[in-house]
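Values reported hereafter were calculated over all heavy atoms of this structure, with side chains retained and with hydrogens, waters and symmetry mates removed.
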Amino acid sequence: MTCSLYIASVNSFAGKSLAALALGLHLREAGYRVGYFKPLGALPHAVRGVATDEDAYFIANRLNPDAQLDAICPVLLTSELSSHALRGDVAGLREKIQAAYARIAADRDVVLIGGLGTLARGSLLGLSAPAVAELLDTRVLVLAKFTSEASAEEMLLAQRLLGERFIGCLFGFVEPQDDELLRTELAPYLERRGIVVLGILPR
């Protein structure tokens with residue numbers, strides 16, 4: 001049975017791609033057959049005539065280079081697709097994502113699923129991070145750029161939105177002057193509320 005993990009974030013450019021690549025390489029070195037999948041992409045990139053997402057292709061080319069190009073990132077969130085969504089003129093996207101995921105997962109022990117932007121991104125299509133996690137029946141790791149106590153509040157909201165699928169969080173871009181506050185006050189506060197802090201990464 002294939003295990004999966006959705007890597008999401010509460011803010012953009014929080015390090016989702018780097019986390020997916022690092023975790024994927026670590027698991028591969030441990031002997032697992034690892035795949036990478038990105039349900040929604042926003043950086044159109046053509047590879048051998050196939051439209052995909054640039055970040056998704058970069059990671060998949062290192063973790064599962066034999067994956068079919070059209071399955072790596074089945075939905076590209078273009079302005080045209082957003083316009084169709086505003087008119088209520090989108091259908092079949094959920095099925096397209098499920099089918100592509102099944103192709104990636106077919107011969108993998110683990111599939112890492114890359115999120116797009118924030119938890120809300122994709123909501124116009126009914127494909128926010130919580131919706132996709134439910135669609136693919138996966139657990140979720142949530143990343144955040146640490147800025148202040150507000151980052152802890154964002155994790156509390158993520159917990160509410162994701163429920164039991166939320167396995168824990170990782171704070172990145174932590175400045176030296178914020179490290180003690182995060183480790184001694186905010187992380188214990190979150191853990192008392194059932195949110196596991198799985199990592200703290202300095203800038």
**Q** Do the side chains of Val34 and Arg108 get nearer than 4.5 Å, heavy atoms only?
**A**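 Heavy-atom side-chain distance check fails, nothing below 4.5 Å.
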
**Q** Check for a donor-acceptor pair, side chain of Thr2 on one end and backbone N or O of Asp109 on the other, with a separation under 3.5 Å.
**A**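 No: the side chain of Thr2 does not pair with the backbone of Asp109.
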
**Q** Consider only side-chain N and O atoms of Arg193 and Tyr189, and report whether a donor and an acceptor are under 3.5 Å apart.
**A**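 The answer is yes; a qualifying pair exists.
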
**Q** Between CD of Glu95 and CG of Leu135, what distance do you get to the nearest 0.5 Å?
**A**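 These two atoms lie 8.0 Å from each other.
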
**Q** Quick one: which of Thr138, Leu136, Leu112, Ile72 gives a side chain to side chain contact (heavy atoms under 4.5 Å, CB included) with Phe37?
**A**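 With Phe37 as partner, Thr138, Leu136, Leu112, Ile72 yield a single side chain to side chain contact (heavy atoms under 4.5 Å, CB included), made by Leu136.
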
**Q** I want to check something: taking the side chain as every heavy atom from C-beta on, are Val75 and Ile97 in contact at a cut-off of under 4.5 Å?
**A** yes

**Q** Enter the distance from Ile59:CD1 to Ile7:CD1 here, rounded to the nearest 0.5 Å.
**A**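 Ile59 atom CD1 to Ile7 atom CD1 measures 8.0 Å (nearest 0.5 Å).
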
**Q** Check whether Leu27 and Leu141 end up in the same hydrophobic cluster, where Ile, Leu, Val, Met, Phe, Trp and Tyr are linked by side-chain heavy atoms less than 4.5 Å apart.
**A**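 Both belong to a single hydrophobic cluster.
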
**Q** Hey, are the side chains of Leu125 and Leu81 touching, using non-hydrogen atoms and a 4.5 Å cut-off?
**A**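 Touching, per the 4.5 Å side-chain cut-off.
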
**Q** Given side chains that start at C-beta, do those of Val196 and Cys169 come closer than 4.5 Å, heavy atoms only?
**A** no

**Q** Quick check: do Val10 and Leu157 have side-chain heavy atoms less than 4.5 Å from each other?
**A**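 No, every pair of side-chain atoms sits at 4.5 Å or beyond.
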
**Q** So with a 6.0 Å cut-off around CD of Glu134, is the heavy-atom count from everything else above 12?
**A**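 Not buried by this count: 12 neighbours or fewer within 6.0 Å.
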
**Q** Would you say Leu161 and Phe166 make side-chain contact, with heavy atoms under 4.5 Å?
**A**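 Result no, sub-4.5 Å side-chain heavy-atom pair not found.
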
**Q** Working to the nearest 0.5 Å, report the span between CZ of Arg33 and CZ of Arg28.
**A** 14.0 Å

**Q** For Arg160, does the CZ atom have more than 12 heavy-atom neighbours from other residues, nucleotides or ligands under 6.0 Å away?
**A** no

**Q** If I compare all heavy atoms of Ala129 with all of Ala8, which pair ends up nearest, and what's the gap?
**A**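 What the structure gives for the nearest pair is CB-CB, 4.4 Å.
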
**Q** Do Ser151 and Glu154 come close enough that some side-chain heavy atom pair is under 4.5 Å?
**A**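 Heavy-atom side-chain distance check passes, below 4.5 Å.
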
**Q** Minimum heavy-atom separation for Pro130 and Leu119, please, with both atom names.
**A** CD-O, 3.5 Å

**Q** Would Arg62 and Asp55 count as a salt bridge (Lys or Arg N to Asp or Glu O under 4.0 Å) if you check the C-alpha gap in whole Å, the side-chain angles of each, and the deciding distance to 0.1 Å?
**A** CA-CA 11 Å; Arg62 284 151 182 80; Asp55 277 355; over 6 Å; no

**Q** Would you say Gln177 has more than 12 foreign heavy atoms packed within less than 6.0 Å of its CD?
**A** yes

**Q** Sort out for me which residue in Lys145, Arg121, Lys16 forms a side-chain hydrogen bond (donor to acceptor under 3.5 Å, both in side chains) with Ser9.
**A**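 When side-chain hydrogen bond (donor to acceptor under 3.5 Å, both in side chains) is applied between Ser9 and each of Lys145, Arg121, Lys16, only Lys16 qualifies.
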
**Q** Could you check if a side-chain atom of Ile113 sits within less than 4.5 angstrom of a side-chain atom of Tyr101, using non-hydrogen atoms only?
**A**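 Answer yes - side chains close enough.
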
**Q** List for me each residue that meets ring-ring contact (aromatic ring centres under 6.0 Å, His included) alongside Phe146, sequence neighbours excluded, and say none if there are none.
**A** Phe171

**Q** May I ask you to decide if Ala42's main-chain N or O and Asp53's side chain share a donor-acceptor pair within less than 3.5 Å?
**A** yes

